[in-house]
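Encoded as structure tokens, the structure appears first; notes follow it.
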Amino acid sequence: MGVILNGFSIMKLNSKEALHKLKSENSPFLNLFEHGTLSVEIYKPENVDLQQPHSRDEVYVIISGTGEFINGNKKVSFNPGDFLFVPAGVTHRFENFTDDFSTWVIFYGPEGGESK
């Protein structure tokens with residue numbers, strides 16, 4: 001049997017189960033897994049994305065919903081399954097997203113981000 005963190009096996013994270021667990025929290029995000037510098041969260045903001053720049057590189061993999069993503073001075077639309085990368089320290093946020101929007105958030109690497 002594998003290691004369990006927040007009720008999830010390290011072998012697999014299921015978005016439906018993660019969203020159900022998130023619903024019981026008083027937060028738009030929930031940390032589900034950590035290993036070394038890797039951290040995996042689920043994120044489902046309501047109406048407005050209030051996050052600030054982060055100190056480590058991060059990746060979003062969209063679970064559901066559509067909208068727009070601001071990454072520094074660029075804006076792109078997103079759909080389920082899309083992969084979005086944000087370097088450490090860059091201002092970013094989701095805008096104009098649908099009510100069903102949710103995403104995996106993956107942080108990794110050292111504080112300040114990885115060099116090229």
Would you mind telling me which of V61, I62, T66 makes a side-chain contact (heavy atoms from CB on, under 4.5 Å) with D82?
->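 Output: one option passes, namely I62.
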
Quick check: closest heavy atoms across [X] and [Y], and the distance to 0.1 Å?
X: E111; Y: S55; result: OE1-OG, 2.5 Å
X: G65; Y: P80; result: O-CD, 3.3 Å
X: P45; Y: P28; result: CA-CB, 3.9 Å
X: W104; Y: A18; result: CH2-CB, 4.0 Å

More than 12 foreign heavy atoms under 6.0 Å from [atom1] of [X]: is that the case here?
X: Y108; atom1: OH; result: yes
X: D99; atom1: CG; result: no
X: E25; atom1: CD; result: yes

Report the C-alpha separation of I63 and I42 in whole Å, then their side-chain angles, then the decisive distance to 0.1 Å, and conclude whether the side-chain contact (heavy atoms from CB on, under 4.5 Å) test is met.
-> CA-CA 9 Å; I63 296 169; I42 191 153; 3.7 Å; yes

Nearest 0.5 Å, please: how far is [atom2] in [Y] from [atom1] in [X]?
X: N71; Y: F94; atom1: CG; atom2: CZ; answer: 9.5 Å
X: H92; Y: Q52; atom1: NE2; atom2: CD; answer: 9.5 Å
X: F97; Y: E46; atom1: CZ; atom2: CD; answer: 9.0 Å
X: L22; Y: E41; atom1: CG; atom2: CD; answer: 10.5 Å
X: R93; Y: F69; atom1: CZ; atom2: CZ; answer: 10.0 Å
X: R56; Y: L38; atom1: CZ; atom2: CG; answer: 8.0 Å

Side chains of P53 and T91: closer than 4.5 Å at any heavy-atom pair?
->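 A side-chain contact exists here, since the closest heavy-atom pair is under 4.5 Å.
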
State, with a plain yes or no, whether a side-chain heavy atom of Y60 is found less than 4.5 Å away from one of F78.
->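 They are not in side-chain contact.
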
State whether the side chain of N31 and the backbone N or O of S39 hold a donor-acceptor pair below 3.5 Å, judged by distance alone.
-> no

Give a yes or no on whether the backbone of F101 and the side-chain of K44 come within a donor-acceptor separation of less than 3.5 Å.
->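 Checking the backbone N and O of F101 against the side chain of K44, a donor-acceptor pair under 3.5 Å is found.
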
[X], [Y]: one ILVMFWY side-chain cluster at the under-4.5 Å cut-off?
X: F107; Y: F83; answer: no
X: I106; Y: V90; answer: no
X: V105; Y: F85; answer: no
X: Y43; Y: L32; answer: no

Could you walk me through whether L84 and V76 pass the side-chain contact (heavy atoms from CB on, under 4.5 Å) check?
-> CA-CA 10 Å; L84 304 166; V76 297; 4.3 Å; yes

For side-chain contact (heavy atoms from CB on, under 4.5 Å), just list the numbers for V86 and H54, CA-CA rounded to whole Å, side-chain angles, deciding distance to a tenth of an Å, and then say yes or no.
-> CA-CA 9 Å; V86 181; H54 304 288; over 6 Å; no

Quick one: do F29 and Q51 satisfy side-chain contact (heavy atoms from CB on, under 4.5 Å)? Show the steps, please.
-> CA-CA 10 Å; F29 67 92; Q51 64 181 318; over 6 Å; no

